[in-house]
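This one's a predicted model, so the numbers in the text were calculated from it and none came from an experiment.
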Amino acid sequence: MNIKKTKKLTTTGMLCALAYVAVVVGRIPLILFLKYDPKDVIIVIGGFIFGPFTSFTITVIVSVVQMLTVSGTGILGCIMNIISSCSFACTAAFIYKKKHKLSGAILALFCGWFCQVTVMMLWNYLIAPIYMGYPREAIVELLLPAFLPFNLIKGGLNAAITMLLYKPVVTALRRYNLIEPSHRSEKIQIKLSVLLVALLMVITCVLLILSYNDII
């Protein structure tokens, strides 16, 4: 195994561990029984660095370990986690791989956000009645008031936090020689306007969470 592959394997393993920690200690209630954790941020950063297959690999590993340790939803919950994370992270990583610049990164994150919301609305309708034990009619009644805002807020947080963290994370990994230096002519430079938009998105999502939980 050459040095490049060893670095990739090491970094991917580290990202898997971080994503799992995010699942275990980073879960916060959003709407009703639905909770958010930031693992998709770590998964999409891995995909931005190495490509969509790495996002898929991290997703599967973390979802399976989550099912075997802290999750109570079994194999169907594991499948739902894989679909949710892949619809965001793999979509974003694929687009960013094709358009490797700042505008491409932003487009990728918003496309991943849209894809995650769309896919999860369909899969919540199809699968949620089975693994949650609710009649389908009850799930249908929850789609617009609960599942839709949950996935909108979740995707918005994923996209915004990734905008804030991607460049610092990549810089740190390069500093410690865990990933190869970039040889691309156009490097990603995060502009102040992008940081402000990301912060505004985070603040908006937090206010929505508080309002849904009748805290404000």
Side-chain angles (χ1 to χ4, degrees), residues 6-28 30 34-71 77-97 100 104-106 108-113 115-117 119-120 150-151 153-180 182 188 190 194-195 198-199 201-202 205-206 209:
T6 302
K7 288 180 180 179
K8 180 178 180 180
L9 183 62
T10 301
T11 304
T12 301
M14 182 181 67
L15 292 173
C16 287
L18 290 174
Y20 178 73
V21 170
V23 171
V24 174
V25 304
R27 303 186 77 191
I28 58 173
L30 290 191
L34 301 169
K35 296 181 179 181
Y36 169 79
D37 64 68
K39 72 174 183 293
D40 288 353
V41 174
I42 299 165
I43 293 170
V44 78
I45 288 176
F48 275 16
I49 296 171
F50 296 121
F53 184 73
T54 296
S55 285
F56 175 76
T57 301
I58 297 173
T59 296
V60 172
I61 291 172
V62 173
S63 296
V64 171
V65 175
Q66 179 182 351
M67 177 187 68
L68 296 175
T69 55
V70 298
S71 176
C78 178
I79 292 171
M80 290 288 280
N81 283 329
I82 292 172
I83 292 170
S84 177
S85 294
C86 283
S87 61
F88 173 75
C90 293
T91 300
F94 177 80
I95 294 172
Y96 182 61
K97 186 177 181 179
H100 198 96
I106 295 172
L109 291 171
F110 277 87
C111 287
W113 182 5
C115 183
Q116 185 175 52
V117 171
V119 168
M120 292 314 296
F150 169 74
N151 284 300
I153 293 172
K154 177 180 178 179
L157 286 172
N158 287 339
I161 297 172
T162 303
M163 290 182 201
L164 295 172
L165 294 184
Y166 175 67
K167 183 64 176 180
V169 169
V170 169
T171 300
L173 291 174
R174 285 188 178 134
R175 182 176 301 158
Y176 289 100
N177 202 30
L178 289 172
I179 60 175
E180 297 295 318
S182 176
I188 296 295
I190 302 300
V194 175
L195 296 179
L199 287 172
M201 289 171 61
V202 171
C205 290
V206 170
I209 294 168

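The one candidate from V169, I43, T54, L109 that meets the side-chain contact (heavy atoms from CB on, under 4.5 Å) condition with F48 is L109. Exactly one residue among I58, T59, T91 makes a side-chain contact (heavy atoms from CB on, under 4.5 Å) with C86. That residue is T59.
Interatomic distance, CD1 of I42 versus CD1 of I161, reported as 10.0 Å (0.5 Å rounding). Once rounded to the nearest 0.5 Å, the distance linking CD of Q66 with CG of L68 reads 10.0 Å. Interatomic distance, CD1 of I45 versus CG of L18, reported as 9.5 Å (0.5 Å rounding). With rounding to the nearest 0.5 Å, the separation of OH in Y176 from OG1 in T11 is 13.5 Å. Distance check: F56 CZ to I82 CD1 gives 7.0 Å after rounding to the nearest 0.5 Å. Here the straight-line distance linking atom CE of M67 with atom CE of M80 works out to 15.0 Å at 0.5 Å rounding.
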> Can you check side chain to side chain contact (heavy atoms under 4.5 Å, CB included) on F50 and T57, steps first, answer last?
Replying inline: CA-CA 11 Å; F50 296 121; T57 301; over 6 Å; no
>> Could you walk me through whether Y166 and V44 satisfy the side chain to side chain contact (heavy atoms under 4.5 Å, CB included) test, starting with their C-alpha distance in whole Å, then the side-chain angles of each, then the deciding distance to 0.1 Å, before giving a yes or no?
In response: CA-CA 9 Å; Y166 175 67; V44 78; over 6 Å; no
>> One pair to check against side chain to side chain contact (heavy atoms under 4.5 Å, CB included): K154 and D40. What are the steps and the verdict?
In response: CA-CA 9 Å; K154 177 180 178 179; D40 288 353; 3.7 Å; yes
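Nearest approach of A93 to S55, heavy atoms of both residues: CB-OG, 4.0 Å. Nearest heavy atom pair, residue I83 against residue M120, reads CG2-SD, 4.1 Å. When every heavy atom of F88 is checked against every heavy atom of G155, the shortest pair comes out as CE1-O, 4.4 Å. Pairing each heavy atom of I95 with each of C111, the nearest pair is CD1-CB, 3.4 Å. When every heavy atom of M201 is checked against every heavy atom of G156, the shortest pair comes out as CE-O, 3.6 Å. Considering every non-hydrogen atom in both M163 and L195, the closest pair reads O-CD2, 4.4 Å.
No side-chain donor-acceptor contact under 3.5 Å links Q116 to the backbone of S87. Here the side chain of T171 pairs a donor or acceptor atom with the backbone of K167 at under 3.5 angstrom.
Within 6.0 Å of OH in Y36 there are more than 12 heavy atoms belonging to other residues, nucleotides or ligands.
At a threshold of 4.5 Å between non-hydrogen side-chain atoms, the residues I209 and L157 count as touching.
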